[in-house]
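We're numbering straight along the sequence, starting at 1.
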Amino acid sequence: QVQLVESGGGLVQAGGSLRLSCAASGRTFTTAGMGWFRQAPGKEREFVAYIRWSGGSTYYADFVKGRFTISGDNAKKMVYLQLNSLKPEDTAVYFCAATRSVVAATKVSLYDYWGQGAQVTVSS
């Protein structure tokens, strides 16, 4: 089992920034990469970003457009998502997740473990 705990969510004005953190513990050696997803009320969970533990390669959803940055510390098993230039439409619960995929995994079904989520609210 792998446990994931997110932190860093909150309320921010449009144009502001937040940094989300995700701490992974347990059998993390069974995972190859980490992803961030988000889910707004009434909408499906959508892919945001992926990072591979080994080498740190990253992949982003098109809507990110340079505003968000995923990073990781393999030794500490921490993953971060820096959110800049936030917009009200970025309001959602943000989840980190772990996958055995060594290539960019954008589908929810490819992830084996999920955190509890962190609320991000962007006011206009």
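The side-chain contact (heavy atoms from CB on, under 4.5 Å) with Tyr50 is formed by just one residue from the set Thr99, Val103, Thr106; it is Thr99.
Neither side chain, Glu89 nor Thr91, offers a donor N or O lying under 3.5 Å from an acceptor on the other.
Remark: side-chain polar atoms of Arg27 are not paired, donor with acceptor, to backbone N or O of Phe29 under 3.5 angstrom. In this structure, Glu6 contributes its side chain and Cys22 its backbone to no donor-acceptor pair below 3.5 Å.
The OG atom of Ser124 lies 14.0 Å from the NZ atom of Lys87; values are rounded to the nearest 0.5 Å. Interatomic distance, CZ of Arg100 versus OG1 of Thr31, reported as 10.0 Å (0.5 Å rounding).
Leu4 shares a hydrophobic cluster with Val2, Val12, Leu18, Leu20, Met34, Trp36, Val48, Ile51, Trp53, Tyr60, Phe63, Val64, Phe68, Ile70, Val79, Leu81, Leu83, Leu86, Tyr94, Tyr113, Val120, Val122; the chain of contacts runs through ILVMFWY side chains whose heavy atoms sit under 4.5 Å apart.
Smallest separation of non-hydrogen atoms from Ala40 and Ala92: N-CB, 3.8 Å. Between Pro88 and Ala14, the shortest heavy-atom contact is CD-CB, 4.1 Å. Nearest heavy atom pair, residue Ser101 against residue Ala32, reads O-CB, 3.5 Å.
The number of heavy atoms from other shown groups lying within 6.0 Å of OH (Tyr80) is above 12.
Remark: Ser85 engages Arg67 in a side-chain contact (heavy atoms from CB on, under 4.5 Å) (not counting sequence neighbours). Remark: Val108 pairs with Phe37, Arg45, Trp114 by the side-chain contact (heavy atoms from CB on, under 4.5 Å) rule, at least two apart or across chains.
A single hydrophobic cluster is seen to contain both Phe47 and Val93, as judged by linkage of ILVMFWY side chains at heavy-atom distances under 4.5 Å, directly or through other members.
Side-chain atoms of Gln1 and Gln3, non-hydrogen and from C-beta on, do get closer than 4.5 Å to each other. No side-chain heavy atom of Glu44 sits under 4.5 Å from any side-chain heavy atom of Gln39. A heavy-atom distance below 4.5 Å is found between the side chains of Gln82 and Ser17. Ser25 has its side chain out of reach of Lys77: every pair of non-hydrogen atoms, C-beta onward, lies at least 4.5 Å apart.
Judged by the 6.0 Å and 45° rule, Arg38 forms no cation-pi pair with Phe95.
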